[in-house]
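Predicted, not measured: the structure shown is a model, and the values here were computed from it.
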Amino acid sequence: PAPLLIGSCSHLWVLPCPSCATGQPDGQKKQLQELYQLGPQLGSGGFGTVFSGMRLSDGSPVAIKRVARESVLQWDELPDGTRVPMEIVLMEKVGSGCHYIIQLLDWFELPDSFVLVMERPVASQDLLQFLLEQELLCEEMARWLFCQVLEAVRHCTACGVLHRDIKPENLLVDPESGDLKLIDFGCGTFLQERPFTRFAGTHVYSPPEWIACGCYYGHSATIWSLGVLLYVMVCGNLPFCKDHDIVSGQLFFGHQVSPECKHLIRWCLAKHPADRPELEEIFCHPWVSPTQPRTHQLSPHQSQAIA
């Protein structure tokens, strides 16, 4: 067969034929162009370009992501010893048992890149676009979405995976049903007990310990990013834009937010990592589970402006 062209106004790339476009030995796996029909470009970022597509066998919609080799942050090996981008390894690791994480369906290795084929919920849009249309969310909707994010993070944690880039752009939402899926593991890695000394993700979601000390622990940094995310959901803007704001930790609520929601946000955005909740404590927080009593008290500094 002829090479498959995938293009847009500004970008054109070629998927070569027979032996190149496969992640498996020759003859064991059909090629991309035999399995999928390519559509328009959906988006592009620092780590890859995403196109819409369709699985030819049943017409299911898919997303097809091309990741250039030079943009891969981290490499790892699959159980069979194949060296691939960490993103593929992580997505296969979290690939079953959680409805709130996008599924990797297939992958292909090319001379200069890798191609990932993922499920694509047709009616969904990223949470950032959803927020721009809504301006901000009522707390009931924010709670529904946030709880799904918590479930996705819980599953990642159980699989030993650290996403490192939880933000509205990496959350797909069905505006009709409110169903949510976590996407893009391009910044992810494996959880570890020792601190990380290299940051990957989005800077305005980074915790103060990274800015001040150049290191962070995976769990507490994730909790910080969840606090930023919840603030964005209910306030419609970022809590901090500059490094000194992140380090100072001064929070201001420009919109009407319930005391319980403020309490949870301030707890997640505690300046010191040890003062932040564990993930399971968030699940038990009265804003997340309204039948639960509040058991954690903020310090006087954290409590200011809650009322």
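- Ring orientation note: the planes of Trp107 and Phe114 are tilted relative to one another, at an angle of 30° to 60°.
- One finds the CG atom of Leu150 at 11.0 Å from the CG atom of Leu145 (value rounded to the nearest 0.5 Å).
- Side-chain N or O atoms of Trp267 include one that pairs as donor or acceptor with a backbone N or O of Asp275 at under 3.5 Å.
- In this structure, NE2 on His263 lies 10.0 Å from SG on Cys268, to the nearest 0.5 angstrom.
- Under the ring-ring contact (aromatic ring centres under 6.0 Å, His included) criterion, the residue pairs touching residues 137-181 are His163-Phe185, with sequence neighbours excluded.
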Step by step, would you call Leu279 with Arg154 a side chain to side chain contact (heavy atoms under 4.5 Å, CB included)? CA-CA 7 Å; Leu279 182 63; Arg154 176 189 263 170; 3.9 Å; yes

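- For Gln250 against Phe240, the heavy-atom pair with the smallest separation is O-CE2, 3.4 Å.
- Within the structure, the side chain to side chain donor-acceptor pair (under 3.5 Å) test picks out the following pairs touching residues 116-125 (sequence neighbours left out): Gln125-Glu133.
- Side-chain contact between Ser206 and His203 is present, with at least one heavy-atom pair separated by less than 4.5 Å.
- Two different hydrophobic clusters hold Ile183 and Leu132 under the rule that ILVMFWY side chains link at heavy-atom gaps under 4.5 Å.
- The closest donor-acceptor contact from the side chain of Glu209 to the backbone of Pro273 lies at 3.5 Å or more, if one exists at all.
- Formation of a donor-acceptor pair under 3.5 Å by the Gln103 side chain with backbone atoms of Ile101 is found in this model.
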Quick one, Arg66 with Asp112, criterion salt bridge (charged side-chain N to carboxylate O under 4.0 Å, His left out). Give me CA distance, side-chain angles, the key distance, then yes/no. CA-CA 10 Å; Arg66 176 189 179 259; Asp112 65 343; 2.9 Å; yes

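- Side-chain N or O atoms of Gln192 include one that pairs as donor or acceptor with a backbone N or O of Pro195 at under 3.5 Å.
- Within the structure, side chain to side chain donor-acceptor pair (under 3.5 Å) pairs that include any residue of residues 212-240 comprise Arg164-Tyr216 (at least two apart or interchain).
- Annotation for Val117 and Phe108: closest pair CG2-CE1, 4.0 Å, computed over non-hydrogen atoms.
- The nearest pair of heavy atoms linking Leu136 to Cys235 is CD2-O, 3.9 Å.
- In this structure, Met233 and Ala142 approach most closely via the heavy-atom pair SD-O, 3.8 Å.
- Taken to the nearest 0.5 Å, the CG atom of Leu162 stands 11.0 Å off from the CZ atom of Phe190.
- The backbone N or O of Lys271 lies less than 3.5 Å from a partner atom in the side chain of Arg276, making a donor-acceptor pair.
- Ser52 places a side-chain N or O within donor-acceptor distance of the main-chain N or O of Pro40, the cut-off being under 3.5 Å.
- Of the possible polar contacts, one joining the Asp165 side chain to the Thr202 backbone as a donor-acceptor pair under 3.5 Å is found.
- Residues Lys65 and Asp184 meet the side-chain proximity criterion, which asks for heavy atoms closer than 4.5 Å.
- More than 12 heavy-atom neighbours from other residues, nucleotides or ligands sit within 6.0 angstrom of CD on Glu280.
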Give the C-alpha distance, both sets of side-chain angles, the deciding distance and a yes or no for salt bridge (charged side-chain N to carboxylate O under 4.0 Å, His left out) between Asp58 and Arg55. CA-CA 6 Å; Asp58 59 5; Arg55 186 163 58 194; 2.9 Å; yes

Step by step, work out the side chain to side chain contact (heavy atoms under 4.5 Å, CB included) result for Met141 and Gln134. CA-CA 11 Å; Met141 174 59 79; Gln134 304 287 325; over 6 Å; no

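- Taking CD1 from Ile265 and CG from Leu226, the interatomic distance works out to 11.5 Å, rounded to the nearest 0.5 Å.
- Closest approach of Leu128 to Asp126, counting heavy atoms only: N-OD1, 3.0 Å.
- When all heavy atoms of Pro121 and Lys181 are compared, the pair lying nearest together is CG-CD, 3.9 Å.
- Val115 and Met54 fall into different hydrophobic clusters, where Ile, Leu, Val, Met, Phe, Trp and Tyr side chains are chained together by heavy-atom contacts under 4.5 Å.
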Would you check, one step at a time, whether the test side chain to side chain contact (heavy atoms under 4.5 Å, CB included) holds for Leu171 with Leu229? CA-CA 11 Å; Leu171 297 165; Leu229 175 67; 3.9 Å; yes

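- Taking hydrophobic clusters as Ile, Leu, Val, Met, Phe, Trp and Tyr residues chained together by side-chain heavy-atom distances below 4.5 Å, Tyr36 does not share a cluster with Val50.
- Linking Ile, Leu, Val, Met, Phe, Trp and Tyr whenever their side-chain heavy atoms come within less than 4.5 Å leaves Tyr100 and Leu172 in two separate clusters.
- At least one donor-acceptor pair closer than 3.5 Å links the side chain of Ser71 to the backbone N or O of Ala68.
- A 4.5 Å side-chain heavy-atom check between Val62 and Asp106 finds every atom pair outside the cut-off.
- When each of Met86, Glu87, Arg198 is paired with Leu73, the side-chain contact (heavy atoms from CB on, under 4.5 Å) condition holds for Arg198 and for no other.
- Looking only at distances, a side-chain donor or acceptor of His285 sits under 3.5 Å from a matching main-chain atom of Trp287.
- Distance check, rounded to the nearest 0.5 Å: OG of Ser60 to CG of Leu105 gives 8.5 Å.
- When side chains are defined from C-beta on, Leu56 does not count as touching Leu35, because their heavy atoms never get closer than 4.5 Å.
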For the pair Cys156 and Leu182, evaluate side chain to side chain contact (heavy atoms under 4.5 Å, CB included) and give the outcome as yes or no after the intermediate values. CA-CA 10 Å; Cys156 289; Leu182 176 64; 4.2 Å; yes

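- Side chain of Gln148 to main chain of Leu180: a donor-acceptor pair is present (N/O by atom type, distance under 3.5 Å, no hydrogens or angles).
- Contact check for Thr157 versus Leu191: side-chain heavy atoms found under the 4.5 Å cut-off.
- The distance from the SG atom of Cys215 to the CZ atom of Phe199 is 13.0 Å, given to the nearest 0.5 Å.
- Note on Phe130 and Leu42: separate hydrophobic clusters, where clusters join Ile, Leu, Val, Met, Phe, Trp and Tyr whose side-chain heavy atoms are under 4.5 Å apart, directly or indirectly.
- Between Leu116 and Pro85 the shortest side-chain heavy-atom distance does not fall below 4.5 Å.
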